[in-house]
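Residues: numbered from 1 along the sequence shown.
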Amino acid sequence: MCCYAAPRASRKNKRRHILRWDRSLLGKEFSRFEQHVTRAMLREYADIIGAKDPVYTDPHAAQARGYRDMIAPPTFVAWHGAHPIAPPAMDFHGTGINAGYTCVFRGVVYPGDVLTYSTCLVDMYEKTGRSGTMRFVVRETTVTNQHGDTVAVLRNPFILGW
């Protein structure tokens with residue numbers, strides 16, 4: 001089920017509004033933000049997800065296992081998702097339904113790291129089913145640390161609602 005950010009328009013107006021399928025937007029960054037990682041953030045996230053391994057909460061336990069400090073649980077990089085769902089050039093102002101997530105984790109995140117989240121549109125398509133046409137956008141977020149090392153790549157399709 002979809003939430004609506006604005007009053008419903010006629011079906012004709014909704015379709016005209018949503019169909020800015022400009023394929024030149026593919027591969028172009030449309031969102032970038034930085035996140036400064038702190039021990040408090042890592043402990044809070046570990047608590048939220050119920051992570052019990054002390055490498056996520058105790059610097060000494062992490063050092064005893066060969067890390068330089070406590071580490072972030074791998075899914076930490078997906079905690080604060082990229083916004084907006086679609087590039088502003090698509091002029092999309094509705095909401096979306098998360099249609100899945102693929103995460104490839106490539107590095108360890110430590111307190112003190114500065115993570116950069118760079119999001120681009122990698123695909124857009126429509127599927128028609130019993131309930132009508134669904135419009136999808138697929139965004140990909142590359143997360144790098146302050147050294148330029150990629151720590152994760154997140155791929156996330158959304159079903160657009162309007």
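For the side-chain contact (heavy atoms from CB on, under 4.5 Å) test, residues two or more places apart in sequence or in another chain that qualify with D149 are N145, H147. In this view, I49 and Y45, A51, P73, T75 satisfy the side-chain contact (heavy atoms from CB on, under 4.5 Å) rule, not counting sequence neighbours. With sequence neighbours excluded, the residues satisfying side-chain contact (heavy atoms from CB on, under 4.5 Å) with P59 are R39, R43, D69, M70. Under the side chain to side chain donor-acceptor pair (under 3.5 Å) criterion, R155 pairs with E140, sequence neighbours left out. For the side chain to side chain donor-acceptor pair (under 3.5 Å) test, residues two or more places apart in sequence or in another chain that qualify with N156 are N98, R139. By the ring-ring contact (aromatic ring centres under 6.0 Å, His included) test, F158 pairs with no residue at all, sequence neighbours left out. Under the side chain to side chain donor-acceptor pair (under 3.5 Å) criterion, D58 pairs with no residue, sequence neighbours left out. The side-chain contact (heavy atoms from CB on, under 4.5 Å) search around Q63 returns H60, not counting sequence neighbours. By the ring-ring contact (aromatic ring centres under 6.0 Å, His included) test, Y67 pairs with no residue at all, sequence neighbours left out. With sequence neighbours excluded, no residue forms a side chain to side chain donor-acceptor pair (under 3.5 Å) with T116.
Sorted by first and then second residue, the pairs that involve residues 120-144 and meet ring-ring contact (aromatic ring centres under 6.0 Å, His included), not counting sequence neighbours, are Y125-F136. Listed by first and then second residue, the salt bridge (Lys or Arg N to Asp or Glu O under 4.0 Å) pairs involving residues 105-123 are R23-D123, R68-D113 (not counting sequence neighbours).
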